[in-house]
Structure formats: C-alpha cells, structure tokens
Amino acid sequence: MSRHSASLPASYFDDCYAGDPDPWRFATSPYEQEKYAATLDALPRARYASALEVGCSIGVLTEALAERCNTLVGIDLAERALDQARVRCERLRHVCFERAQVPDQWPDGSFDLILLSEVVYFLDLVDVERLVARVRGCLRTGGEVVLVHWTGETHYPLSGDEAADRFIAAAATFLRPLRGTRTDAYRLDILGPVSVPGVRGER
C-alpha cells in the first residue's frame with residue numbers, strides 16, 4: 001500500500017464525508033465501541049476540568065467523554081463531521097466544537113486532558129513535531145495526553161506505531177509514558193508529566 005508523503009489535506013477528509021456521513025463507522029463498529037470503552041477506562045482521573053479532543057469527527061467519543069469533563073472542546077477539520085457532532089451533543093452545554101486543521105490551527109485555552117485518537121498518523125514527521133509544540137503550549141501543569149492509533153497497514157504518512165513513538169519521543173522533555181495497552185488492532189498510550197512534585201495528576 002502506497003503511503004502519502006505529506007500530512008493529509010482537508011480535502012481528503014471532506015471527500016470522505018461527502019461520500020459517507022460516517023466513513024470510519026464510528027457510530028456502529030464493534031472495534032470503535034471497544035476502543036472507546038478502553039480509552040475511557042484508561043483515563044487516570046475520574047474527572048477533568050478542561051479537555052480537548054483533537055479529531056472529534058462526528059462526536060461519538062465526545063459524547064461519552066463529556067461525562068468525565070467540566071468543559072470539553074472538540075476540533076476537526078471536516079465541517080460535515082462537525083455538523084453531526086453538534087447535533088449529537090447539542091444537549092451537552094459544556095461541550096463546544098471548532099473547525100481547525102492541526103497543527104496550523106489550534107483552539108484557545110488550556111487543558112488538563114488532550115485526547116489524540118486516530119489522529120497523529122495523518123501528519124508527516126515535521127507536523128508531528130509542531131503538534132507536540134502545540135500540546136506543550138496549552139497543557140496545564142500535571143495534565144495528561146492520550147494517544148490511540150490503529151496499528152494495521154494504512155496509506156497515511158505514518159503507521160500507528162510510528163505516529164505514537166515519534167510523538168512520545170518529541171514530547172519527552174515534558175511528558176512520560178504512564179501506561180500503555182496494545183491489542184491486535186490498536187495501541188493506547190497514556191502520557192503524564194515528567195516531574196511535577198505534589199501534583200495529584202501524576203501517577
């Protein structure tokens with residue numbers, strides 16, 4: 001399978017959603033449902049003050065994650081996906097959505113949880129470094145980052161393992177792996193502060 005050499009453009013995702021409102025079967029796939037449950041179960045804290053979900057798509061995980069957050073911002077670069085996410089979560093007044101293409105665009109605010117689920121491998125190596133810089137700039141002291149990636153073969157710029165490993169290496173000055181889970185389909189990495197004495201968020 002031929003790999004894209006550069007970060008995938010917004011048009012790639014626009015085309016996906018133009019042909020199918022749920023091209024990755026986020027709402028119906030048993031794989032997605034199991035992965036979402038595992039992601040929520042792996043979170044180190046019961047509740048977060050302010051969370052950011054990068055690549056929220058149609059808002060399926062957003063809806064579940066919202067129960068664990070005082071405020072939650074979901075971002076995506078596909079407006080058709082965001083339209084569905086807003087409808088799905090319209091009753092959740094503490095959840096908001098923004099259109100943004102990372103790492104060039106990024107929401108305002110600071111967060112004690114940043115979730116990057118099935119996102120980093122859409123970027124090339126240069127943009128992964130820039131993404132890490134964005135995360136560092138808005139992650140609150142003691143905050144945590146969650147990476148989740150499919151580990152099968154793709155045509156994306158990076159494999160799931162390459163994406164996670166490169167992100168972890170680039171963030172090593174301020175984040176360290178807290179725990180990791182690997183199944184036959186995906187890997188899940190929880191990252192926390194390198195050294196913040198006295199902060200309850202550290203494990």
Side-chain angles (χ1 to χ4, degrees), residues 26 32-33 35-77 81-82 84-120 123 128 130-149 163-164 167-168 170-181 187-203:
F26 293 129
E32 296 295 344
Q33 299 308 310
K35 186 188 67 178
Y36 292 159
T39 300
L40 295 172
D41 186 60
L43 294 179
R45 309 184 207 180
R47 192 162 191 84
Y48 291 86
S50 179
L52 170 64
E53 182 188 2
V54 179
C56 63
S57 185
I58 64 173
V60 178
L61 179 56
T62 318
E63 184 179 27
L65 180 61
E67 298 181 8
R68 305 275 293 272
C69 307
N70 293 344
T71 63
L72 172 58
V73 178
I75 64 173
D76 203 279
L77 49 66
L82 288 171
Q84 295 182 70
R86 292 185 180 104
V87 171
R88 184 182 301 276
C89 299
E90 63 182 346
R91 73 188 187 285
L92 303 173
R93 300 303 180 186
H94 63 299
V95 176
C96 67
F97 296 96
E98 298 181 21
R99 186 178 186 277
Q101 182 171 1
V102 302
D104 289 330
Q105 299 166 319
W106 198 259
D108 294 331
S110 61
F111 309 94
D112 56 357
L113 174 66
I114 298 177
L115 176 61
L116 298 151
S117 181
E118 311 270 11
V119 169
V120 181
L123 305 177
V128 172
R130 296 173 61 216
L131 174 65
V132 169
R134 288 287 200 180
V135 168
R136 183 169 193 167
C138 71
L139 188 65
R140 293 179 178 177
T141 300
E144 293 144 2
V145 175
V146 178
L147 307 173
V148 190
H149 288 93
F167 186 99
I168 291 168
T173 58
F174 67 103
L175 290 172
R176 64 182 175 90
L178 298 181
R179 67 187 68 165
T181 300
R187 63 180 284 179
L188 189 158
D189 298 275
I190 307 292
L191 311 180
V194 168
S195 178
V196 187
V199 175
R200 287 191 62 188
E202 186 175 1
R203 297 292 186 271

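It should be emphasised that the depicted structure is a prediction, and the values quoted were computed from it without experimental measurement. Here, residue 1 is the first one in the sequence, and each next residue gets the next number.
- Paired with Leu52 under the rule side chain to side chain contact (heavy atoms under 4.5 Å, CB included), one option of Leu113, Leu115, Ile75 passes, and it is Ile75.
- Looking at Ser117, its side chain never comes within 3.5 Å of a backbone N or O of Gly55 through a donor-acceptor pair.
- Using a 4.5 Å cut-off on side-chain heavy atoms (C-beta onward), Cys56 and Leu82 make contact.
- Looking only at distances, no side-chain donor or acceptor of Arg86 sits under 3.5 Å from a matching main-chain atom of Ile58.
- Arg179 places a side-chain N or O within 3.5 Å of a backbone atom of Ala42 that can act as its donor or acceptor partner.
- A side-chain donor-acceptor contact under 3.5 Å links Asp112 to the backbone of Ala49.
- Closest non-hydrogen pair, Arg91 versus Arg88, comes out as NH1-O, 3.3 Å.
- The shortest side-chain heavy-atom distance between Lys35 and Val148 falls under the 4.5 Å cut-off.
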| query | Taking it one step at a time, do Val135 and Phe167 satisfy side-chain contact (heavy atoms from CB on, under 4.5 Å)? | reply | CA-CA 10 Å; Val135 168; Phe167 186 99; 4.1 Å; yes
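- Summarising the geometry of Arg45 relative to Glu144, their closest heavy-atom pair is NE-OE2, 3.3 Å, with the distance given to 0.1 Å.
- Residues Arg130 and Asp104 meet the side-chain proximity criterion, which asks for heavy atoms closer than 4.5 Å.
- Note that the OH atom of Tyr36 and the CZ atom of Phe26 stand 5.0 Å from one another [nearest 0.5 Å].
- A side chain to side chain contact (heavy atoms under 4.5 Å, CB included) with Val145 is found for one member of Val54, Ile168, Leu175 and no other, namely Leu175.
- Here the shortest heavy-atom pairing between Ala46 and Arg68 reads O-NE, 2.7 Å.
- Formation of a donor-acceptor pair under 3.5 Å by the Arg176 side chain with backbone atoms of Gly192 is not found in this model.
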